[in-house]
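Worksheet: the structure to be examined is printed underneath.
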Amino acid sequence: MVSEPGTKGVYCSANINLVGGVLRNTTKRWIPEFFTEHLATPLQMRDYHLDLMPDGEQYLGGGIYMRPRDALKLGQLYLSGGTWNGRRVVSKRWVEQSIAKHATMNEQQTYGYTWWRHELKVGERVFSEYEACGNGGQLVMVVPELDLVVMFTAGNYNHVALWRRFREELLPKFIMAAVRSGK
């Protein structure tokens, strides 16, 4: 341990993959079936693909391919506190816990349960934003105060400096500024 537990986070895809094993063992269900029943079907997702490991289990550290409109549904599900079309899909308590700060990654970002958290400045205002992001620049970004969910898609794998600009420049300077001004 480099830091006191809970004070400094280091991102590691293997951690969430281990949680998948716990979920599988607890529910006694194959994770792709669980995903289909509890998330994809209620959100009316289609044409998605879940990467599997050599043992046939789903790899939860990445590799979920879905249409942008379906990824947006995940952000909207969280923005609405876990409901979709008036139906409870995820508990409100889980939504609140998963987007809450659980680790400080660096001076600019904190981390919930698989949600990155940021503060974005637009003019003189600062807005809280949380996001799910993929290595190539696939970002589902939620700004609760503006009732806003934004999706970026890209294939810039291993180029974090490039797709980080989606959050740091495009979202606050253009999208949030336009939403705030009503344009």
Side-chain angles (χ1 to χ4, degrees), residues 1-27 29 31-32 34-35 38-40 42-43 50-51 53 57-64 66 70-84 88-122 125-152 157-158 160-161 163-168 171-172 176:
M1 299 288 297
V2 175
S3 304
E4 187 68 26
T7 61
K8 176 85 171 124
V10 176
Y11 181 79
C12 178
S13 298
N15 293 339
I16 191 65
N17 199 47
L18 288 172
V19 170
V22 171
L23 180 65
R24 180 201 61 236
N25 292 344
T26 301
T27 64
R29 300 280 307 279
I31 299 298
F34 187 88
F35 176 85
H38 294 283
L39 201 62
L43 295 181
L50 309 172
D51 276 357
M53 297 182 290
E57 293 296 335
Q58 181 180 342
Y59 176 63
L60 290 178
I64 296 177
M66 62 181 68
D70 290 335
L72 275 166
K73 291 175 183 180
L74 294 173
Q76 188 62 46
L77 176 69
Y78 268 70
L79 180 64
S80 70
T83 61
W84 180 258
R88 173 73 48 203
V89 176
V90 178
S91 77
K92 184 174 183 170
R93 184 170 180 248
W94 176 253
V95 170
E96 291 168 350
Q97 287 181 353
S98 61
I99 62 175
K101 175 184 168 185
H102 293 286
T104 299
M105 305 307 274
N106 57 51
E107 290 181 12
Q108 290 82 33
Q109 43 186 199
T110 58
Y111 199 63
Y113 295 149
T114 71
W115 291 97
W116 294 93
R117 301 162 29 92
H118 304 93
E119 299 294 319
L120 303 176
K121 190 171 183 180
V122 179
R125 299 263 322 267
V126 176
F127 295 87
S128 294
E129 176 263 358
Y130 57 90
E131 67 189 50
C133 59
N135 178 17
Q138 309 84 16
L139 296 116
V140 176
M141 310 166 104
V142 181
V143 184
E145 191 175 345
L146 296 176
D147 196 31
L148 179 66
V149 180
V150 174
M151 171 81 194
F152 285 97
Y157 295 95
N158 299 315
V160 176
W163 52 263
R164 182 177 56 216
R165 294 177 60 200
F166 300 168
R167 174 190 342 99
E168 294 174 356
L171 181 63
M176 291 171 64

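Contact of the L60 side chain with the V19 side chain is not registered, since no non-hydrogen atoms from C-beta on lie closer than 4.5 Å. Within the 4.5 Å cutoff, the side chain of I64 has heavy atoms near those of the Q58 side chain.
The backbone N or O of L43 lies less than 3.5 Å from a partner atom in the side chain of K73, making a donor-acceptor pair. Remark: the backbone N or O of L77 is paired with a side-chain donor or acceptor of S80 at under 3.5 angstrom. A donor-acceptor distance shorter than 3.5 angstrom exists from the side chain of H102 to the backbone of Q97, with no hydrogens or angles considered.
Residues passing the side chain to side chain contact (heavy atoms under 4.5 Å, CB included) test with P42, sequence neighbours excluded: R87, V89. Applying the side chain to side chain donor-acceptor pair (under 3.5 Å) rule to S128 yields the partners E119; only residues at least two apart in sequence or on another chain are considered. Residues meeting the ring pair (Phe, Tyr, Trp, His ring centres under 6.0 Å) test with W84, sequence neighbours left out: none. The side chain to side chain donor-acceptor pair (under 3.5 Å) search around R29 returns E37, not counting sequence neighbours. Take Y78 and apply the ring pair (Phe, Tyr, Trp, His ring centres under 6.0 Å) test, not counting sequence neighbours, and it matches W115. For the side chain to side chain donor-acceptor pair (under 3.5 Å) test, residues two or more places apart in sequence or in another chain that qualify with E168 are R164. The side chain to side chain donor-acceptor pair (under 3.5 Å) test applied to N25 returns no partner, not counting sequence neighbours. E57 meets the salt bridge (Lys or Arg N to Asp or Glu O under 4.0 Å) test with R24; sequence neighbours excluded. For R88, the side chain to side chain contact (heavy atoms under 4.5 Å, CB included) partners at least two apart in sequence or on another chain are T83, K92. Residues passing the ring pair (Phe, Tyr, Trp, His ring centres under 6.0 Å) test with Y59: none are found, sequence neighbours excluded. The side chain to side chain contact (heavy atoms under 4.5 Å, CB included) test applied to D51 returns H49, Y65, not counting sequence neighbours.
With values rounded to the nearest 0.5 angstrom, C133 atom SG is found 7.0 Å from R167 atom CZ. Rounded to the nearest 0.5 Å, atoms OG1 (T27) and CD1 (I31) are 5.5 Å apart. Separating the CG atom in N106 from the OH atom in Y11 is a distance of 14.5 Å, to the nearest 0.5 Å.
In terms of heavy-atom proximity, M151 sits nearest to A71 at SD-CB, 3.7 Å.
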Criterion side-chain contact (heavy atoms from CB on, under 4.5 Å) on F34 and L23, from CA distance to verdict: CA-CA 9 Å; F34 187 88; L23 180 65; 4.0 Å; yes

Which pairs of donor and acceptor atoms, one on a side chain in residues 134-149, lie under 3.5 Å apart (sequence neighbours left out)?
{"unit_1": "N135", "atom_1": "OD1", "unit_2": "N158", "atom_2": "N", "d": "3.0"}
{"unit_1": "N135", "atom_1": "ND2", "unit_2": "N158", "atom_2": "OD1", "d": "3.0"}
{"unit_1": "Q138", "atom_1": "OE1", "unit_2": "G136", "atom_2": "N", "d": "3.3"}
{"unit_1": "Q138", "atom_1": "NE2", "unit_2": "A154", "atom_2": "O", "d": "2.9"}
{"unit_1": "Q138", "atom_1": "NE2", "unit_2": "Y157", "atom_2": "OH", "d": "3.3"}
{"unit_1": "E145", "atom_1": "OE2", "unit_2": "R125", "atom_2": "NH2", "d": "2.1"}

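Contact check on R117 versus E129 returns no salt bridge, with no Lys/Arg side-chain nitrogen under 4.0 Å from an Asp/Glu carboxylate oxygen.
Proximity of the aromatic rings of Y130 and W116 is defined here by a centroid distance below 6.0 angstrom, and this criterion is not met.
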